[in-house]
Amino acid sequence: MSSSASATSRLSVMSMAASLPSVGGYSSAPSSIYAKRNTTNILERHLNKTRGAEVSVNAFAFLFSEMLQYTQKRVNGIQDLERKLNELGYRVGIRALDLLVWREKNSKRETRVLGMLYFIHTTVWKAMFGKQADSLEKSTENEDEYMISDNDPMVSKFISIPKDVSQLNCGAFMAGIVEAIMDGCQFPSRVTAHTVPIDGFPLRTTILIKLDREVLEREEQLK
Amino acid sequence: MNATHSSSSSGGSGIGSGPLGQGNSPTCYFVIIGTKDNPIYEAEFVSVNTARSSSGGATIPEAKKEEFRHLNQFIAHSALDMVEDLQWSTNQMYLKAIDKFNERFISAYLTAGNIKLLLLHDAKSDDAIRNFFNDCYELYIKTLLNPFYEPNSIISSSAFDTKVRASAKRYL
């Protein structure tokens, strides 16, 4: 299902696979119709096999719209919907963290907040959306808040939000991914997505990361 | 559960004292511990190299070996404290031998997602253990990528078990 447009946005194959909550099992026995059916064990596939693989944005948009419709039927309220999207993103984030750190080949864990945020800003965004996030900022008002912004978030590109749910932000999915990565590295935090339109970028989304107090205390000790 | 086991074993045969301390069973105990200190996967390997060299020594009766097996779990879990101490001082993943217990060493490997791989072993080369840990980390990531696998739950796949044992045979 490849897009005919030349500017195909890239998406990680892994994020698509990992975010599927339920998928019908396919038969493991090779059938005669599909000549080259892959029957290898998942433990035998090489992790770098899908390293540069791209998924068409149509496929992802279709999948995401189905995810939205699925959750919409099962929630009552916007907060609940954002929370469910956050949970779906969480499932992607856990896997993304280990996989991306492994693929980087330099294998070092992140122990400082800034290093972690930089990792998300560059490596994670590049693997997921094909480009780095647009800005990484530290809030001046609160010590424990950081913001990562994306001018044109891929997840909300094809989602049109009706007037009565205008507060919904589909960036909650991206927020879930970031939250899982922060949690996995032992920086527990609350992550939310907000739409902050500026000139030229009406869909600009900011992901606000509010670190828990214990993270700040630990940072102080490590300095 | 571990507490009651340890009290019974310390009351009985003295660990490390007497002839049992010298006759180290050449088994390695490998455990993967999740983020909530829950064991996700355990395995014991008899390392072929050391077994061959100790052919002249006294063999330990099977009954006594059984008693020591739960002690492995206890030793590995008590080493978790050391891991947590070292966790923030370095950003390496492979923490070498972090603890020692009666001639046996405990090596640890801390993954990016805060999963601990612990290996209880006799003296072995750092490189061999590092390779083994890298292999097991790779297998763990592949298991994790399965959308049906719930993170932090027990790995019961026999294919995973086979691969870990093959890797142990190759490196340990």
Side-chain angles (χ1 to χ4, degrees), chain A residues 12-23 25 40-50 88 90-113 115-116 119 123-124 180-188 215 217-219 221-223, chain B residues 32-37 40-41 43 80 83-96 108-117 130-131 133-153 155-167:
Chain A
S12 160
V13 175
M14 155 204 68
S15 84
M16 211 172 115
S19 62
L20 266 172
S22 66
V23 67
T40 39
N41 199 338
I42 56 165
L43 291 175
E44 290 171 24
R45 287 182 55 148
H46 197 263
L47 279 178
N48 276 337
K49 188 173 178 189
T50 49
L88 288 172
Y90 199 92
R91 292 168 58 90
V92 178
I94 300 181
R95 288 141 172 120
L97 172 61
D98 269 311
L99 184 61
L100 291 176
V101 171
W102 188 89
R103 277 182 179 169
E104 243 192 290
K105 271 309 163 200
N106 210 357
S107 32
K108 289 207 188 312
R109 303 174 291 116
E110 293 294 337
T111 44
R112 308 301 303 269
V113 168
M116 191 69 236
F119 172 73
T123 315
V124 176
I181 297 182
M182 298 297 284
D183 270 354
C185 280
Q186 300 295 296
F187 298 109
V215 179
E217 289 168 358
R218 201 175 54 212
E219 277 293 300
Q221 284 180 350
L222 283 179
K223 271 207 197 116
Chain B
I32 302 183
I33 298 183
T35 57
K36 298 190 181 25
D37 290 345
I40 293 178
Y41 174 77
L80 281 179
V83 174
E84 282 176 24
D85 283 340
L86 286 174
Q87 197 174 5
W88 299 107
S89 63
T90 169
N91 63 349
Q92 290 296 324
M93 283 193 175
Y94 177 47
L95 318 164
K96 300 184 185 145
Y109 186 94
L110 190 58
T111 73
N114 205 37
I115 307 286
K116 295 127 186 143
L117 312 179
R130 186 202 302 261
N131 287 336
F133 274 145
N134 278 335
D135 253 9
C136 288
Y137 184 34
E138 217 175 299
L139 288 170
Y140 172 72
I141 297 182
K142 289 177 188 172
T143 311
L144 183 66
L145 282 180
N146 179 0
F148 292 116
Y149 171 71
E150 199 56 44
N152 250 348
S153 61
I155 300 179
S156 50
S157 152
S158 58
F160 184 83
D161 191 46
T162 319
K163 289 232 168 235
V164 171
R165 285 182 193 282
S167 172

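Here is the naming used below: chain letters follow the sequence lines, and residue numbers restart at 1 for every chain.
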Contacting moiety of B/Thr35, where chain A heavy atoms sit under 4.5 Å: neither
Checking heavy atoms, do the side chain of B/Leu110, its backbone, both or neither come under 4.5 Å from chain A? both
Region of A/Leu43 in contact with chain B, defined by heavy-atom distances below 4.5 Å: both
Looking at B/Asn146, is its backbone amide N or carbonyl O close enough to the side chain of A/Arg95 to form a donor-acceptor pair, meaning the two atoms are under 3.5 Å apart? yes
I need the A/Ile94 CD1 to B/Glu150 CD distance, nearest 0.5 Å. 7.5 Å
Heavy-atom proximity to chain B below 4.5 Å, by part of A/Asp98: both
Which atoms of B/Tyr140 approach chain A - backbone, side chain, both or neither, heavy atom under 4.5 Å: side chain
Side chain / backbone / both / neither for A/Arg218 at chain B, heavy atoms under 4.5 Å: side chain
Output yes when a side-chain donor or acceptor of A/Arg109 lies under 3.5 Å from a complementary backbone atom of B/Trp88, and no otherwise. no
Kindly indicate whether the side chain of B/Lys142, heavy atoms from C-beta on, has any atom under 4.5 Å from the side chain of A/Glu44. no
For a quick test of reading the model, state the closest non-hydrogen atom pair linking A/Leu97 to B/Gly113 and the distance between them. CD2-CA, 3.9 Å
Of all heavy-atom pairs linking A/Cys185 and B/Ala112, the shortest is SG-O, 3.6 Å
Chain A contact via B/Ser89 - which portion, at a heavy-atom distance below 4.5 Å: neither
Does the side chain of A/Lys108 come within less than 4.5 Å of B/Gln92's, by heavy atoms? yes
Option from A/Leu47, A/Ile42, A/Thr50 for which side chain to side chain contact (heavy atoms under 4.5 Å, CB included) with B/Leu145 holds: A/Leu47
